[in-house]
Number of protein chains: 2
Amino acid sequence: MAASSPSRRRPGRRPGPTETRAAILTAARDLFAEKGYDGASIRAIARAADVDPALVHHFFGAKEALFVAAMEFPVNPAKVLPYVLGGPRESTGRRMAQTFLREWGRPEARGPLIGLLRSAMTNEQAAEMLRQFVSAAILSRVGDRFDVPLVRIEAAAAQMIGVAILRYVLRVEPIASVSEEELVELLAPTLQRYFDGT
Amino acid sequence: MAASSPSRRRPGRRPGPTETRAAILTAARDLFAEKGYDGASIRAIARAADVDPALVHHFFGAKEALFVAAMEFPVNPAKVLPYVLGGPRESTGRRMAQTFLREWGRPEARGPLIGLLRSAMTNEQAAEMLRQFVSAAILSRVGDRFDVPLVRIEAAAAQMIGVAILRYVLRVEPIASVSEEELVELLAPTLQRYFDGT
DNA sequence: GACAGAACTCAACATATGTTGAATTTATGC
DNA sequence: GCATAAATTCAACATATGTTGAGTTCTGTC
């Protein structure tokens, strides 16, 4: 799936259609997810994509731009929020837990999500990206849909972020292996209570 | 409070009692808290303590040992758990929220706690330290006190970790500025429900 | 007051990092 | 088929990292 040979290739364009750009993006997603922004070096990404580090630069410019390109937020709020906010109000907590876990379950979404979360803990730019997204795309919309103090919505967000960390980043058992359904049962009432304002 | 001059000092022991060891530990706590394990370099720590990098090595050995020394877990479960687990069962959630926020509020505890949390996201050793502590010192004791499935206790832990991240690491408003009391009101029922098994 | 050991700095090594500019090979448009 | 543009590598720069060994100055003990 990736590089295995130390790969001494001669310079110049490779024959056939260009597939290196995609390879770099994939490698970047993997490594940012695994090591976070600062831990994933351009050189390691290039190595994983079987490519010279300078090529990464050629395609994406500085490291920061690569990160933005690779972590482009993999969840589209416009597609997801209507379902969550649309149904009956008394089951919003459940739909939110479902949706959250389903999105994290998608393999092509999980890499960027973990990468973003990991990086946000040590890198101010990544933290800002995450804040921006979470606050603009989610908190505000949910907030004025429900007319509930923002702290309560953030408490709900905290519950989900905490679960994501234990389940997907730290991989603490048993919460890392429990089924999505079981987790939904557990979390739905918590979220619902925050939205209900009780 | 720390170094300001580029400090060209001549070699050899400084006169007076030795205070550099403590200065290094303080600088290490600050920098590990701010940047995480990988982001905080020994050289930067030495600079902040106004000391040669080699002296850090002289006192603490490898970087990992410095980390362990600096992040020595600042919360003593033996002193804290009796209060949480001791009182009436129906208010355990509240005592747990109180205790958690009080410990994070202590200035001398917050640095190590943030450092540990930050580092655990990108560094496997730090992650193991955190897992060890949380699981051995807390989860298990709470678990067999209450005879409740471990997932539920981990869900409670997730709620608190999430709050810590939003409040102390990412500093998202308004949850970062809300009073401890208000947060306790918000979190206590959530935690209580997990312990009650309902 | 000599002397061992502790505190402390200097200089260096080996390695890693992001980034750049030039050189080389292929693809593409005419 | 030729010229231009794109893809790709190489070599290098400037800087940063953890760690080591040797040397210098002080403190404490007899």
Side-chain angles (χ1 to χ4, degrees), chain A residues 2-3 5-25 27-28 31-32 34-70 119 122-126, chain B residues 2-3 5-28 31-32 34-70 119 122-123 125-126:
Chain A
S5 56
S7 80
R8 183 67 164 185
R9 215 194 323 271
R10 65 195 222 289
R13 186 167 184 160
R14 303 182 193 179
T18 303
E19 52 203 357
T20 42
R21 194 194 151 97
I24 292 173
L25 269 182
L31 282 172
F32 281 136
E34 202 179 331
K35 315 248 190 191
Y37 181 82
D38 305 283
S41 70
I42 290 205
R43 293 169 123 102
I45 292 170
R47 215 175 303 131
D50 196 23
V51 138
D52 189 276
L55 189 60
V56 178
H57 225 262
H58 172 62
F59 279 130
F60 298 97
K63 185 180 184 180
E64 187 189 337
L66 208 213
F67 184 75
V68 173
S119 304
T122 42
N123 186 276
E124 184 48 39
Q125 285 167 324
Chain B
S5 56
S7 80
R8 183 66 164 186
R9 216 194 322 271
R10 66 195 221 290
R13 183 168 188 161
R14 303 182 194 178
T18 303
E19 52 204 358
T20 41
R21 194 193 150 97
I24 292 173
L25 269 182
T26 302
L31 283 171
F32 282 136
E34 200 179 335
K35 315 249 188 190
Y37 180 83
D38 306 283
S41 70
I42 287 205
R43 291 169 124 105
I45 292 171
R47 214 175 305 133
D50 196 25
V51 138
D52 189 276
L55 189 61
V56 178
H57 226 260
H58 171 62
F59 279 130
F60 298 97
K63 184 179 183 180
E64 187 190 337
L66 208 213
F67 184 75
V68 173
S119 305
T122 43
N123 186 276
Q125 285 167 325

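Order of the sequence lines fixes the chain letters, A, B, ..., with proteins taken first and strands second; residue numbering starts at 1 for each chain. Only this structure's heavy atoms are used, side chains among them; waters, hydrogens and symmetry mates stay out.
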Minimum-distance pair of heavy atoms, taken over all atoms of [X] and [Y]:
X	Y	answer
A/Ile45	A/Ile24	CG2-O, 4.0 Å
A/Asp38	A/Lys63	O-NZ, 3.9 Å
B/Asp52	B/Ala46	C-CB, 3.9 Å
B/Phe60	B/Ala65	O-CB, 3.1 Å

Which nucleotide wins on minimum distance to the side chain of [X], given the candidates [options]?
X	options	value
B/Asp52	C/dC10, C/dG5, C/dG18	C/dC10
A/Ile42	D/dG18, C/dG18, D/dT8	C/dG18
A/Arg10	C/dT26, C/dG18, D/dT20	C/dT26
B/Arg13	D/dC26, D/dT19, D/dT8	D/dC26
A/His58	C/dT9, C/dA7, D/dA7	D/dA7
B/Arg14	C/dT9, D/dG18, C/dT17	C/dT9
A/Pro15	C/dT19, C/dA7, C/dT26	C/dT26
A/Ala54	D/dT19, D/dT17, C/dG21	C/dG21
A/Pro11	C/dT24, C/dG18, C/dT9	C/dT24

Do any side-chain nitrogens or oxygens of [X] fall under 4.0 Å of OP1 or OP2 in [N]?
X	N	result
A/Arg21	D/dT8	no
A/His57	C/dG18	no
A/Ser41	C/dT17	yes

B/Tyr37 vs B/Phe67 aromatic rings, parallel, tilted or perpendicular, using cut-offs 30° and 60°?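 Taking B/Phe67 first and then B/Tyr37, their aromatic rings stand perpendicular (interplane angle over 60°).
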Need one value for A/Arg43: base, sugar-phosphate or nothing, where a base atom within 4.0 Å counts as base even if backbone is also close, heavy atoms only. base
Nearest whole angstrom, please: distance from the [atom2] of [N] to the [atom1] of [X].
X	N	atom1	atom2	value
A/Arg47	D/dT9	CZ	P	14 Å
B/Glu19	C/dA6	CD	C1'	16 Å
A/Leu55	C/dT25	CG	P	17 Å
B/Arg9	D/dC26	CZ	C1'	14 Å
B/Asp38	D/dG18	CG	C1'	12 Å
B/Leu31	D/dT17	CG	P	11 Å

Between B/Lys63 and A/Pro53, just flag the one whose closest nucleotide in DNA chain D comes earlier from the 5' side. A/Pro53
For DNA chain D, whose closest nucleotide is more 5', that of B/Ala40 or that of B/Gly12?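 That would be B/Ala40.
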Between A/Asp50 and A/Arg9, does at least one N-O distance fall below 4.0 Å, as a salt bridge requires? yes
